[in-house]
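I have placed the structure first, in the form of structure tokens, so that the comments after it can refer back to it.
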Amino acid sequence: MIDSHESSYRWHSIQVIQERSSQSRLWGMGVFATMAIAFLISSILLVNSIRYTELNLVMIEDQPLLIPIFVAGILVALYLAMLAAISVSRELDKGTLETLLYGPVDEISFILGTFLAHVKVFFYTLVVALIWSNFCVWILNLSFKLDVLGLLLVSFMMATELIAFGVFSAIWGGKARNALIYFILIIVFIGGVQVADLVISGLVQINTATISDPMILVRNILAKAAGFTSWISPFTQAQRAMQAMVGHVYGDFFRNLGLMLMECGVLIAGAILLFKKKGVR
């Protein structure tokens, strides 16, 4: 049993770590530069979508802000996830964690404090994203829909899972270089499988391959791999949740949100348990 005094000390430690880490991120130029690039790319995508609609008289998306918000969310979330991984790894490399763990900080306090700090920063970027969305709606004379709030919520859940994975990668890898390598390789693998499956499936259909064609075997393998990674990929889950929100399929929307939340919890719990097992040395 954890008494109330221990809980209060732990919560205070979490708050201190969270405030220190989030302030250092908010005052850094990296977050602002990433946000600027993300919203610039999103603006270009939105303008291209509107121009396509004007030229062809066909709206390719029920919600033209879906893809821009999705792309902006991915870029900022990936950046913050890598920052989280680097932050934890540097504390391990410097040996400062060994000193902290002799004081009021334990593994749970450090992991949760670091995780919440980067989640807090992403939440602030969502406020900017909401302002940007309203500005785009106003300047392009679009109608504002409440599902934009749902899209931002999905981005937030995707970011929490990616940040949790960044923290887990840092504990897993130990050193900053190893943590970044693990993080990047797994993200590239998850995204690469999905992209390769789409490309190969398209090639097979274009070539009207026969059953004996070796491309069929490759397609089937990639399809199975893509089916597996879709259950652990925050990108696929976020995309499905956003499409479900726009299509008003709320069952799928909440199912994918729940899946992202569950995987985030598993990653944070795994990071804490792994940290306790490995220690700070």
Side-chain angles (χ1 to χ4, degrees), residues 14-28 30-35 37-38 69-92 97 107-129 151-174 176 178-191 232-239 241-242 256-275:
I14 292 172
Q15 287 294 97
V16 171
I17 294 172
Q18 180 268 125
E19 287 292 337
R20 184 194 68 171
S21 186
S22 61
Q23 287 297 324
S24 65
R25 296 291 174 259
L26 288 172
W27 287 105
V31 172
F32 294 101
T34 304
M35 287 175 57
I37 293 172
I69 290 177
F70 180 63
V71 171
I74 287 177
L75 292 176
V76 178
L78 283 174
Y79 176 74
L80 289 174
M82 286 191 290
L83 279 186
I86 293 172
S87 175
V88 174
S89 299
R90 282 180 176 173
E91 296 285 0
L92 289 169
L97 273 181
E107 293 86 355
I108 296 176
S109 303
F110 178 74
I111 294 296
L112 288 181
T114 304
F115 168 72
L116 292 175
H118 292 82
V119 170
K120 179 180 178 180
V121 173
F122 188 83
F123 177 79
Y124 288 150
T125 67
L126 286 186
V127 176
V128 179
L151 299 181
L152 295 177
L153 174 60
V154 174
S155 293
F156 179 76
M157 295 305 300
M158 176 181 64
T160 58
E161 186 176 350
L162 284 170
I163 292 169
F165 178 63
V167 173
F168 180 83
S169 298
I171 300 298
W172 181 22
N178 294 341
L180 281 178
I181 289 174
Y182 293 161
F183 179 85
I184 292 172
L185 284 179
I186 293 177
I187 292 297
V188 169
F189 170 76
I190 291 174
I232 61 174
S233 170
F235 310 120
T236 303
Q237 294 158 11
Q239 183 182 25
M242 287 185 173
N256 283 281
L257 284 188
L259 188 58
M260 285 188 280
L261 181 62
M262 181 187 69
E263 291 179 359
C264 176
V266 169
L267 287 168
I268 290 297
I272 293 172
L273 293 175
L274 187 60
F275 193 16

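The figures that follow rest on heavy atoms only: side chains count, while hydrogens, waters and symmetry mates do not.
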Pairs of donor and acceptor atoms involving the side chains of residues 258-269, under 3.5 Å and at least two apart or interchain, shall be tabulated with distances.
unit_1: Glu263; atom_1: OE1; unit_2: Gln237; atom_2: NE2; d: 3.2
unit_1: Glu263; atom_1: OE2; unit_2: Gln237; atom_2: NE2; d: 3.3

Pair up each side-chain donor or acceptor in residues 151-173 with any protein partner under 3.5 Å, not counting sequence neighbours, and list the distances.
unit_1: Ser155; atom_1: OG; unit_2: Leu151; atom_2: O; d: 3.3
unit_1: Thr160; atom_1: OG1; unit_2: Met157; atom_2: O; d: 2.6
unit_1: Ser169; atom_1: OG; unit_2: Phe165; atom_2: O; d: 2.8

Checklist line | From CA spacing to verdict: side-chain contact (heavy atoms from CB on, under 4.5 Å), Phe183, Ile86 | finding: CA-CA 10 Å; Phe183 179 85; Ile86 293 172; over 6 Å; no
To the nearest 0.5 Å, what is the distance between [atom1] on [X] and [atom2] on [Y]?
X: Leu80; Y: Thr34; atom1: CG; atom2: OG1; result: 7.5 Å
X: Met82; Y: Ile184; atom1: CE; atom2: CD1; result: 6.0 Å
X: Tyr182; Y: Ile187; atom1: OH; atom2: CD1; result: 15.5 Å
X: Met35; Y: Leu75; atom1: CE; atom2: CG; result: 12.0 Å

Check: Do you know the tightest heavy-atom contact between Phe70 and Ala238?
Finding: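 It is CE1-CB, 3.9 Å.
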Checklist line | Non-hydrogen atoms of Val76 and Ala38 that approach each other most closely | finding: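 Heavy atoms only, the tightest pair is CG2-CB, 4.0 Å.
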Which donor-acceptor pairs under 3.5 Å do side chains of residues 112-129 form with protein atoms, sequence neighbours excluded?
unit_1: Thr114; atom_1: OG1; unit_2: Phe110; atom_2: O; d: 2.9
unit_1: His118; atom_1: ND1; unit_2: Thr114; atom_2: O; d: 2.8
unit_1: His118; atom_1: NE2; unit_2: Arg25; atom_2: NE; d: 3.1
unit_1: Lys120; atom_1: NZ; unit_2: Gln18; atom_2: OE1; d: 3.2
unit_1: Lys120; atom_1: NZ; unit_2: Glu19; atom_2: OE2; d: 3.2
unit_1: Thr125; atom_1: OG1; unit_2: Phe122; atom_2: O; d: 2.4

Check: Any donor and acceptor pair, going by atom type alone, linking the side chain of Ser89 with main-chain N or O of Ala85 inside 3.5 Å?
Finding: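 Looks like yes, one N/O pair under 3.5 Å.
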